[in-house]
J.: 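Pasting a structure below so you can have a look.
Just so it is clear: chains get the letters A, B, ... in the order the sequence lines come, proteins before strands, and each one is counted from 1. All of these numbers come straight from a predicted model, not from anything done at the bench.
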There are 2 protein chains.
Amino acid sequence: MKGQRSATLDDVARAAGVSRATASRVVTGQGPASSRARDRVAAAVIELGYVPDAAARALASRSGTRLAIAVIGHTAAVLDDPYVGRVLTTAAHIAAEREVGVSLHWLPLNEPVTLAGLAGSRGLGGLLVVNPTRPALETVPRDLRGRVAAIGVGTRDVPSFDVDNRTGTEGVVRHLVSTGRRRIAMVTGPSWLPCGDRAVEAYQRVMRDSGGETRVVPGDFTAARGAAAAAEIMTRWPDTDAVFALSDLTALGVLDGLHALGVSVPGDVAVAGFDDIAFASLSRPALTTSTHPVEEIATAAARAVLDRDGSAPATFFPSTLVVRESA
Amino acid sequence: MKGQRSATLDDVARAAGVSRATASRVVTGQGPASSRARDRVAAAVIELGYVPDAAARALASRSGTRLAIAVIGHTAAVLDDPYVGRVLTTAAHIAAEREVGVSLHWLPLNEPVTLAGLAGSRGLGGLLVVNPTRPALETVPRDLRGRVAAIGVGTRDVPSFDVDNRTGTEGVVRHLVSTGRRRIAMVTGPSWLPCGDRAVEAYQRVMRDSGGETRVVPGDFTAARGAAAAAEIMTRWPDTDAVFALSDLTALGVLDGLHALGVSVPGDVAVAGFDDIAFASLSRPALTTSTHPVEEIATAAARAVLDRDGSAPATFFPSTLVVRESA
DNA sequence: CTGTTAGCGCTTTCAT
DNA sequence: ATGAAAGCGCTAACAG
């Protein structure tokens with residue numbers, strides 16, 4: 001195919017009969033260029049199979065060569081969440097198309113210094129913050145503006161990409177109500193995570209509309225917490241007839257905890273989750289839940305920072321109900 | 001903390017009272033250097049908090065700035081396997097410490113050209129091949145030697161990091177035998193994947209030793225295939241009293257398929273998996289399996305290519321039996 | 001709109 | 001063992 005070493009910008013410029021500077025302008029699409037120059041350079045690029053050298057570009061423009069993914073949480077264990085794996089997989093795939101790499105970082109909650117340090121490191125091309133809190137987002141330096149995106153809640157300066165868990169929650173809770181459940185409890189996400197607030201509000205609204213009281217216990221998106229929450233709920237409100245968890249992992253834990261308590265699902269208590277992870281269909285009973293298009297969200301967020309597209313301040317991705325056996 | 005922009009090698013050299021060339025030799029550990037120079041430079045590095053600029057280094061030494069992770073498989077869907085997510089998460093975390101990023105690539109089986117193309121792209125610092133086949137490994141160019149590692153089977157030139165599924169399989173199958181099972185079937189991995197061969201051989205050996213016939217059906221590591229395999233097995237060998245799948249995902253599918261058939265587990269048929277994924281303890285019945293230290297394996301493999309450590313030709317990580325309810 | 005001229009921060013011959 | 005000097009491939013002022 002290609003004879004020897006890959007073509008450089010000099011080769012392109014020479015082939016197009018223009019200076020290297022002009023070739024650079026055309027390739028990057030940054031400066032001005034006559035349509036004639038544009039065409040000749042474009043042709044040369046194709047003919048030579050030119051691909052810009054990411055390292056050289058990063059060095060000259062101090063633009064960085066890595067897309068950092070920072071996950072906020074109490075412990076480094078947040079990096080092990082399958083959700084993070086899915087975001088990372090998607091981002092790494094998108095980044096690969098542009099010859100950029102992805103690195104993964106844990107951001108201890110309440111230690112915003114770390115984010116500033118990360119942002120200050122050279123070689124940083126862009127930043128994706130997962131599970132952001134507003135205070136943490138405030139600490140991102142302004143010179144990174146336009147190269148940051150949040151998967152979760154955003155700020156005026158940081159565009160946000162997230163699942164629409166408000167309507168998703170409404171769908172699930174309304175389904176519960178429509179199947180005759182009235183005493184519905186909810187297991188939330190971590191209390192410090194603002195993007196779960198919309199879901200809690202949606203749950204409260206539907207409950208109010210249907211005349212039921214609200215029963216909320218805090219969760220942390222883990223299965224272990226789900227099992228404990230199930231016990232807590234059945235002790236505090238023994239007549240509970242449905243549990244909605246804002247995470248399938250937690251819902252699976254709830255299923256486990258209820259089973260240990262001898263409570264039948266969905267006979268005595270209906271259980272619903274959120275995310276529609278692969279295992280939701282494999283549990284017994286199979287889990288009723290609402291979709292979470294993680295791959296689409298991560299793709300959009302990664303593209304936004306990689307392509308410096310700072311338009312849309314906040315994008316919500318729809319979530320749809322999936323009815324199985326548990327509710 | 002640090003006042004302004006980060007220190008460069010020039011700053012270090014000046015502070016240490018040596019030339020930039022000497023400072024470079026000390027920092028990289030490559031060329032010769034007097035112990036006196038070594039000490040002074042080391043001190044300056046610490047004092048200034050110097051961190052080499054990955055882009056500049058990559059440009060000057062043509063060493064690349066990315067760790068590529070290539071996953072071999074029939075379709076791009078292999079990238080969605082949670083196993084890949086775990087490998088990627090780990091590698092991205094290790095890479096972050098060295099300011100390098102990772103990128104993710106799908107390598108279509110039987111199209112080795114793609115690997116050569118990937119390897120030829122500039123900016124490639126190292127390569128990790130997941131689920132490698134020997135022919136694919138043969139196509140990695142020799143100038144990448146010492147910067148490639150395989151997670152799975154290796155070759156003379158490519159060091160291998162893998163779980164010891166031979167002893168892992170022995171442990172599981174012997175457990176099955178010791179609990180009275182004799183007619184044990186096995187669902188393997190994809191037939192083109194050589195690293196599953198050792199497991200199949202181990203299964204065959206234990207069966208021979210215990211006087212049972214072998215019953216092998218091919219799998220592909222997915223849950224869907226597990227359900228189909230369960231039906232296939234019960235049709236071909238109705239008296240089967242145990243199924244061992246070389247993947248928890250598949251075993252979970254087997255559980256599902258058996259349930260659909262009205263077969264009770266572990267009453268009629270015992271089921272065991274391999275990997276000990278998080279959901280193994282959440283299924284009903286909870287899955288008996290053998291551990292797979294994916295994070296340790298990925299860490300070792302990533303370190304090997306990042307640190308250019310080509311020693312050990314093959315490293316096997318131990319797998320241990322986890323007995324739960326299904327067998 | 002275009003070409004010339006400097007670097008970006010580092011590695012690497014090549015003399016010394 | 002060390003230093004001087006020459007780039008790696010690209011972008012970004014600055015003149016024209």
Side-chain angles (χ1 to χ4, degrees), chain A residues 4-42 44-45 48-66 98-100 121-125 143 308, chain B residues 4-42 44-45 48-66 98-100 121-125 143 308:
Chain A
Q4 35 283 11
R5 67 182 78 269
S6 7
T8 79
L9 191 55
D10 265 318
D11 300 330
V12 171
R14 206 170 302 126
V18 300
S19 76
R20 193 176 52 203
T22 299
S24 172
R25 290 183 193 108
V26 173
V27 170
T28 62
Q30 289 303 354
S34 65
S35 59
R36 184 165 158 289
R38 215 178 292 279
D39 292 344
R40 306 188 56 156
V41 171
V45 163
L48 299 177
Y50 170 74
V51 178
D53 181 316
R57 176 176 281 186
L59 180 57
S61 65
R62 5 182 106 276
S63 65
T65 170
R66 258 171 22 199
R98 295 161 175 73
E99 295 213 308
V100 344
S121 89
R122 275 168 318 196
L124 196 80
D143 63 313
R308 308 265 187 283
Chain B
Q4 33 283 13
R5 68 182 76 269
S6 8
T8 80
L9 190 55
D10 265 319
D11 300 329
V12 171
R14 206 169 304 124
V18 299
S19 75
R20 193 176 50 203
T22 300
S24 172
R25 291 182 194 111
V26 174
V27 169
T28 60
Q30 289 304 354
S34 65
S35 58
R36 185 163 159 290
R38 214 179 292 279
D39 293 344
R40 305 188 59 155
V41 171
V45 164
L48 299 177
Y50 170 74
V51 179
D53 181 316
R57 176 175 281 187
L59 181 57
S61 65
R62 9 181 104 277
S63 65
T65 171
R66 259 171 27 208
R98 295 160 174 73
E99 295 212 310
V100 345
S121 91
R122 273 169 320 195
L124 195 79
D143 63 314
R308 309 266 189 282

J.: Could you pull out the closest heavy-atom pair between Glu99(B) and Ala54(B), with the gap in Å?
T.: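 The answer is O-CB, 3.9 Å.
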J.: Would you say a side-chain N or O of Arg57(A) is under 4.0 Å from OP1 or OP2 of dT11(D)?
T.: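 For dT11(D), OP1/OP2 do have a side-chain N/O of Arg57(A) under 4.0 Å.
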J.: With rounding to the nearest 0.5 Å, note down the distance linking CZ in Arg38(B) to OG1 in Thr22(B).
T.: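 Spacing of CZ (Arg38(B)) from OG1 (Thr22(B)) equals 11.0 Å.
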J.: Side chain of Pro32(B): nearest nucleotide among dT2(D), dA12(D), dG3(C)?
T.: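 That would be dT2(D).
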J.: Mapping Arg38(A) and Ala23(B) onto DNA chain C by nearest heavy atom, which one lands closer to the 5' end?
T.: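 Final value for this comparison: Arg38(A).
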J.: To the nearest Å, give me how far apart CZ (Arg40(B)) and P (dA1(D)) are.
T.: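 Rounding to the nearest Å, CZ of Arg40(B) and P of dA1(D) are 18 Å apart.
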J.: What is the separation between atom CG on Asp39(B) and atom P on dT2(D), rounded to the nearest whole Å?
T.: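 About 11 Å, once rounded to whole Å.
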J.: Minimum heavy-atom separation for Arg122(B) to Arg66(B), with atom names?
T.: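 Smallest interatomic distance, heavy atoms only, reads O-NH1, 4.4 Å.
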J.: Of the options Val41(A), Val12(A), Val18(A), Leu9(A), which is the one that meets Ser24(A) in a side chain to side chain contact (heavy atoms under 4.5 Å, CB included)?
T.: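 For Ser24(A), the side chain to side chain contact (heavy atoms under 4.5 Å, CB included) check succeeds only for Leu9(A).
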J.: Kindly give the heavy-atom pair with the smallest separation between Val26(A) and Ala33(A), and that separation in Å.
T.: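 Closest approach of Val26(A) to Ala33(A): CG2-CB, 3.9 Å.
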J.: Given atom CG of Leu59(A) and atom P of dG7(C), what is their separation to the nearest angstrom?
T.: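 Going from CG in Leu59(A) over to P in dG7(C) covers 14 Å.
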J.: OP1, OP2 of dC10(D) versus side-chain N and O of Ser61(A): anything below 4.0 Å?
T.: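 Result: no.
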J.: Using heavy atoms and a sub-4.0 Å distance, could you list which residues of residues 24-31 of chain B are near DNA chain D? By number, please.
T.: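 Contacts with DNA chain D under 4.0 Å: Arg25(B).
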J.: Between the side chain of Arg57(B) and the main-chain N/O of Ser63(B), is any donor-acceptor distance below 3.5 Å?
T.: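 Flag not set: sc Arg57(B) to bb Ser63(B) has no pair under 3.5 Å.
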J.: Taking 4.0 Å as the cut-off, does a side-chain nitrogen or oxygen of Arg62(A) come that near to OP1 or OP2 on dG9(C)?
T.: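 For dG9(C), OP1 or OP2 has a side-chain N or O of Arg62(A) closer than 4.0 Å.
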J.: Would you say Ser34(A) reaches dT2(C)'s phosphate, i.e. side-chain N/O to OP1/OP2 under 4.0 Å?
T.: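 Looking at the OP1 and OP2 atoms of dT2(C), one of them is under 4.0 Å from a side-chain N or O of Ser34(A).
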J.: Which part of the nucleic acid does Ala21(B) contact within heavy-atom distance under 4.0 Å: base, sugar-phosphate only, or nothing?
T.: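 Contact class for Ala21(B): base.
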J.: Using the C1' atoms of the five pairs at each end, what is the angle between the end axes of the helix from dC1(C)-dG16(D) to dT16(C)-dA1(D), to 10°?
T.: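 Result, rounded to 10 degrees: 30°.
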J.: When we call it a touch if two heavy atoms are under 4.0 Å apart, what does Ala37(A) touch: a base, just sugar-phosphate, or nothing?
T.: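 Sugar-phosphate contact only - Ala37(A) comes under 4.0 Å of backbone atoms but never of a base.
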J.: Keeping the roles fixed (side chain from Asp11(B), backbone from Thr8(B)), state whether a donor-acceptor pair exists under 3.5 Å.
T.: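 Looks like yes, one N/O pair under 3.5 Å.
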J.: Tell me the closest heavy-atom pair linking Ala58(B) and Ala55(A), and the distance in Å.
T.: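 Ala58(B) and Ala55(A) have their closest heavy atoms at CB-CB, 3.9 Å.
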J.: Determine: side-chain N/O of Ser19(A) to OP1/OP2 of dG3(C), distance under 4.0 Å, yes or no.
T.: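 The answer is yes; a side-chain N or O of Ser19(A) sits under 4.0 Å from OP1 or OP2.
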J.: Rounded to whole angstroms, how far apart are CZ on Arg20(B) and P on dT13(C)?
T.: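 Nearest whole value for this atom pair: 15 Å.
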J.: Mapping Gly17(B) and Tyr50(A) onto DNA chain D by nearest heavy atom, which one lands closer to the 5' end?
T.: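 Of the two residues, Gly17(B) wins.
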J.: Rounding to a whole Å, what distance do you find between Leu9(A):CG and dT2(C):P?
T.: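 Leu9(A) atom CG is separated from dT2(C) atom P by 15 Å.
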J.: Nearest whole angstrom, please: distance from the P of dG7(D) to the CG of Asp53(A).
T.: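 Roughly 18 Å, once rounded to whole Å.
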